[in-house]
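The residues of the chain are indexed from 1 along the displayed sequence. Predicted, not measured: the structure shown is a model, and the values here were computed from it. Excluded from the calculations below are hydrogen atoms, water molecules and symmetry mates; all remaining heavy atoms, backbone and side chain alike, are included.
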Amino acid sequence: MFKYQTNSKKTQANQYHDTSTLFYQTLQDFYHQLNEVKKMNYSLHIYKCIHYIDAHLYDKVSLHHLAKFTGLSASYLSLAFKQEMNETVTSYIQRKKSY
């Protein structure tokens, strides 16, 4: 019984360490993305859209999919994207594909 408890505590300690490491890495990734957004002068939502579009350029990407991905309504995202990028989501995708 004592041996089982020791193994159980080791397992819990390892799980805690793994969870802590994952949390720290996620926090670092978020901080890095936030700094990249500041450099680009885009809002976080628009940056996420740009990054997603660039990563999935030849997949089917729609305004509604991006809205769901960012947690914004499609109409608000469309307006925000147009204001920050000076082009629509569709024209941005088309322009990127033409390169």
Side-chain angles (χ1 to χ4, degrees):
M1 183 169 179
F2 180 70
K3 184 176 179 180
Y4 175 75
Q5 287 177 342
T6 303
N7 287 338
S8 178
K9 288 182 181 182
K10 285 181 185 178
T11 301
Q12 286 176 342
N14 287 337
Q15 288 174 346
Y16 175 78
H17 174 70
D18 293 346
T19 303
S20 296
T21 301
L22 181 61
F23 176 76
Y24 180 70
Q25 289 172 343
T26 303
L27 197 57
Q28 280 184 315
D29 289 344
F30 176 74
Y31 181 74
H32 176 71
Q33 285 183 354
L34 195 57
N35 281 333
E36 290 298 314
V37 169
K38 287 179 182 179
K39 290 179 193 174
M40 297 172 65
N41 293 322
Y42 296 128
S43 68
L44 182 58
H45 291 105
I46 300 305
Y47 173 78
K48 286 175 71 174
C49 287
I50 292 168
H51 182 71
Y52 186 89
I53 291 167
D54 291 347
H56 299 92
L57 191 57
Y58 294 100
D59 297 339
K60 186 174 182 178
V61 178
S62 68
L63 177 63
H64 293 287
H65 181 80
L66 291 170
K68 189 174 180 178
F69 178 71
T70 59
L72 301 174
S73 71
S75 59
Y76 180 80
L77 178 59
S78 177
L79 179 65
F81 196 93
K82 173 81 173 164
Q83 285 178 340
E84 289 189 43
M85 300 297 295
N86 295 318
E87 64 184 320
T88 65
V89 171
T90 303
S91 65
Y92 177 81
I93 294 170
Q94 291 171 347
R95 182 172 56 80
K96 295 297 278 189
K97 283 183 178 181
S98 69
Y99 287 131

Smallest heavy-atom separation, Ala67 atom then Leu77 atom, equals N-CD2, 3.5 Å

Residue pair Tyr42 / Met85, side-chain heavy-atom distance below 4.5 Å:
yes

Approximate separation, where rounding is to 0.5 Å, of Tyr47 OH and Thr70 OG1
15.0 Å

Once rounded to the nearest 0.5 Å, what's the spacing between atom OG of Ser75 and atom NE2 of His64?
9.5 Å

Can you list the residues that meet the side-chain contact (heavy atoms from CB on, under 4.5 Å) rule with Lys96, with sequence neighbours excluded?
Asp54, Leu57, Tyr92, Tyr99

Look up atom OH in Tyr58 and atom CD1 in Ile93, then write down how far apart they are to the nearest 0.5 Å.
11.5 Å

How long is the span from the NE2 atom in His51 to the NZ atom in Lys48, to the nearest 0.5 Å?
10.5 Å

When you measure from the side chain of Glu84 to the backbone of Ile46, do you find a donor-acceptor pair of N or O atoms at a distance under 3.5 Å?
no

Group every Ile, Leu, Val, Met, Phe, Trp and Tyr by side-chain heavy-atom contacts under 4.5 Å, then state whether Ile53 and Tyr76 land in the same group.
yes

For Leu63 and Ala74 the tightest heavy-atom approach is CD2-O, 3.7 Å

Sequence-distant partners of Ser98, side-chain contact (heavy atoms from CB on, under 4.5 Å), two or more places apart
none

What's the separation between atom OH in Tyr52 and atom CG in Asp59, rounded to the nearest 0.5 Å?
6.5 Å

Is there a donor-acceptor pair under 3.5 Å between the side chain of His65 and the backbone N or O of Val61?
no

Point-to-point distance, once rounded to the nearest 0.5 Å, from CG of Leu72 to SG of Cys49
7.5 Å

